[in-house]
Every structure is written in C-alpha cells, then in structure tokens.
Amino acid sequence: WRSCILTPKEKQNKNLAKAAARLIARQVVADFNHVGTASNHNHNHNAAAAAAAANTATVVKKDEYLDKSKLKTDAAESVVMGYHVARQLGWIEREPAVRRYSNSAVITPKDW
C-alpha cells in the first residue's frame, strides 16, 4: 500500500511514512465515519465500501481520529492498508486516493 498511497517524499524514511499514515488514516476514518448517510464531502460510495469502512471505523473511535496524538501508528497503518485493499478490489471508488494540498500535504479533518 505504501507505494500506491504515499508520496515519494513520504517514502524517504520511516518517520515521514508513519506520520503520513497517521494523517491519511484520520482522513479515511473521518470520511467513512457516517455509514449509511452521504459523507460530509458528498462522496458517493457503494454499500460494500460503506460496510468495509464501517468495520474499520468502529475500531477507531471518533474522538481518536480527531486527536492526532491518539491514533497510533500501527492502527493508522492498518486503516490505510484496509482502505488501499478496498480501493484495489473496487469496493471504494474515490479519486484521488488521498486528498492533498498543492504542496502534497495531507488534508486532515481539522482542515475542512
């Protein structure tokens, strides 16, 4: 998943990769936190994608993704890996895979 989701700069060393995974996981969990309703950003996701995301989102409580210090790296990497697999299987159709600013920084829930 790292080769598809992370930018070349984020792949330069493990600390950058881990920090990026935590930010991307916050974005993914925030997007899929409200299963069965339209997301806050009007993304259209099919039922299978919503169910898969719900299973991931239930592992990470809402308060945890809002507080960047609470989402541990292992949990974040698991969320991002599951998200990547769901995209590869066609369960989630979202482009771009990760929303980023023009400087390639990840857009996180606090930013919108």
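Here, residue 1 is the first one in the sequence, and each next residue gets the next number. Remember, predicted model here, so these are calculated numbers, not experimental data.
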So if you build clusters from Ile, Leu, Val, Met, Phe, Trp, Tyr with side-chain heavy-atom gaps below 4.5 Å, do Trp91 and Val85 land together?
yes
Taking all non-hydrogen atoms of both residues into account, name the closest pair between Ala30 and Pro109 and its distance.
CB-CG, 3.5 Å
Can you measure from CZ (Arg87) to SG (Cys4) and round to the nearest 0.5 angstrom?
8.5 Å
Output, in order, the C-alpha distance, side-chain angles, deciding distance and verdict of side chain to side chain contact (heavy atoms under 4.5 Å, CB included) for Leu89 and His84.
CA-CA 9 Å; Leu89 293 172; His84 171 69; over 6 Å; no
Which atoms form the tightest heavy-atom contact between Leu16 and Lys9, and what is the distance?
CD1-O, 3.4 Å
Steps toward side chain to side chain contact (heavy atoms under 4.5 Å, CB included) verdict (Arg2, Val80):
CA-CA 9 Å; Arg2 290 175 183 93; Val80 178; over 6 Å; no
Take atom NZ in Lys11; do more than 12 heavy atoms of anything else shown fall under 6.0 Å from it?
yes
Would you say Tyr83's side chain and Ala97's backbone share a donor-acceptor pair under 3.5 angstrom?
yes
Exercise: identify the closest heavy-atom pair between Gln27 and Val98
OE1-CA, 3.6 Å
Rounded at 0.5 Å granularity, tell me how far CZ in Arg99 sits from CG in Asp31.
4.0 Å
Regarding Lys72 and Glu77, does a basic nitrogen lie under 4.0 Å from an acidic carboxylate oxygen?
no
Check this for me: does any side-chain nitrogen of one of Glu10 and Lys18 sit under 4.0 Å from a carboxylate oxygen of the other?
no
Where Tyr101 and Val106 come nearest, the two heavy atoms and their spacing
CE1-O, 4.2 Å
Atom pair OG1 (Thr108) and CZ (Arg22), whose distance is rounded to the nearest 0.5 Å
12.5 Å
